[in-house]
Engineer: 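I have a structure here, written as structure tokens, and I will follow up with some questions on it.
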Amino acid sequence: MTDNLIIAGKEYNSRLIVGTGKYKDFEETKLAVEASGAEIVTVAVRRVNISKPGEPMLVDYLDPKKYTFLPNTAGCFTGDDAVRTLRLAREAGGWDLVKLEVLGDQKTLYPNMPETVEAAKTLIAEGFQVMVYCNDDPIQAKILEDIGCCAIMPLGAPIGSGLGIQNPVGIRIIVENANVPVIVDAGVGTASEAAVAMELGCDAVLMNTAIAEAKDPIRMARAMNHAVQAGRDAYLSGRMPKKLYADPSSPLAGLI
Amino acid sequence: MINVTINGDTHRLDSDLNLNDLLRKLDIEEDKVAIEHNREIVPKSTFDNVMVGDGDNLEIVHFIGGG
């Protein structure tokens, strides 16, 4: 039975989306992405270093024809900066699917929601397909869905913190209310936490640091690949009810 | 010669360059970048027609690793 992730009309087999930052080099980036099984990778938009022409570029290692490149607005603290960045990204890559994040402050990297909503409206009016980083508030998530975002991406914990899913109730309510994919973006630190996100019913998980800052990033990428699949299967299976007391697994009849 | 700001730094350039000439001069592949010319995005198809002028401000960007 197929159980594909559909974002903005396109189908994906993998429910793991990975970032491409913080790796030792492009070779390690490539191997980790391959091990993760991800089909969507996030990328940042930055100035070309014109004093070093001919330097290797990310696209020399990850083929944009093979992977869906998801340009982000990391580092943008105003809606205007984020919109400007994504307009450039669209021209550089030629695709409309983008990840919008407008940050509120350096210390927490929590989203600035009023700026995020305004930037999302502008981008959607210009024809972008907007996957949006947001807080774990079901009301804000609904507002973003209603204005036309194609995926809602609440944080599990602060970006790069590796704290795991801090507000499972909020994430679960967002999932129950949403008619577009819900993707936990940020906060996952290890495989079990990716599984928790999927068991809550999220459609996918997006992570970068948990893989890139593991001692063995390629092995951790593989672990995350398995965890996301295991979590998805567990969610679809429907877990057993929790009980207060024991319930023997072997039949009591026929005991000697 | 003209003065042009590229990615925040001032450069002295010949006065008769279009954006494609500039990219060739900088050894940058056109299909890997996007250019903002005085805060306006320049469609790639028009790189040949957009001339670089004195005092212009250019941003040349590409994709790098990010989360």
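Side-chain atoms are counted along with the backbone in the values below, which use heavy atoms only and exclude waters and symmetry mates. Reminder, nothing fancy here: chain letters follow the sequence lines and each chain counts from 1.
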Engineer: At a 4.5 Å cut-off on heavy atoms, which part of A/Ala212 comes close to chain B: side chain, backbone, both, or neither?
Structural biologist: neither

Engineer: Would a 4.5 Å heavy-atom cut-off, applied to side chains only, mark B/Asn7 and A/Ile50 as touching?
Structural biologist: yes

Engineer: Go through the atoms of A/Val59 and report whether side chain, backbone, both or neither lie under 4.5 Å from a heavy atom of chain B.
Structural biologist: side chain

Engineer: Closer than 4.0 angstrom, basic N to acidic O: yes or no for B/Glu36 and A/Arg87?
Structural biologist: no

Engineer: Parallel under 30°, tilted from 30 to 60°, perpendicular over 60°: which one fits the rings of A/Trp95 and B/Phe63?
Structural biologist: parallel

Engineer: Counting only heavy atoms closer than 4.5 Å, note whether A/Phe69 contacts chain B via side chain, backbone, both or neither.
Structural biologist: side chain

Engineer: Which bit of B/Ile60 is near chain A, if near means a heavy-atom gap under 4.5 Å: side chain, backbone, both or neither?
Structural biologist: both

Engineer: Who among A/Glu101, A/Glu91, A/Glu55, A/Met57 has the most heavy-atom pairs with chain B under 4.5 Å?
Structural biologist: A/Glu91

Engineer: Name the region of B/Ile41, side chain, backbone, both or neither, that has any atom closer than 4.5 Å to a heavy atom of chain A.
Structural biologist: side chain

Engineer: Start with the C-alpha gap between A/Leu58 and B/Ile64, add the side-chain angles, then the distance that decides, and say whether side-chain contact (heavy atoms from CB on, under 4.5 Å) holds.
Structural biologist: CA-CA 6 Å; A/Leu58 181 68; B/Ile64 66 157; 5.6 Å; no

Engineer: Given that the side chain runs from C-beta out, which part of A/Lys22 has a heavy atom under 4.5 Å from chain B: side chain, backbone, both or neither?
Structural biologist: neither

Engineer: Hey, which of B/Glu29, B/Glu30, B/Lys32, B/Arg39 has the most heavy atom pairs under 4.5 Å with chain A?
Structural biologist: B/Arg39

Engineer: If we define contacts as heavy-atom pairs under 4.5 Å, which of A/Val43, A/Leu88, A/Asn208 has the most with chain B?
Structural biologist: A/Leu88

Engineer: With a 4.5 Å cut-off on heavy-atom pairs, point out which of A/Gly93, A/Gly19, A/Ala92 contacts chain B the most.
Structural biologist: A/Ala92

Engineer: Heavy-atom distance under 4.5 Å to chain A: side chain of B/Asp31, backbone, both or neither?
Structural biologist: backbone

Engineer: With chain A as the partner, which of B/Ile6, B/Ile28, B/Asp27, B/Val42 has the greatest number of non-hydrogen pairs under 4.5 Å?
Structural biologist: B/Asp27

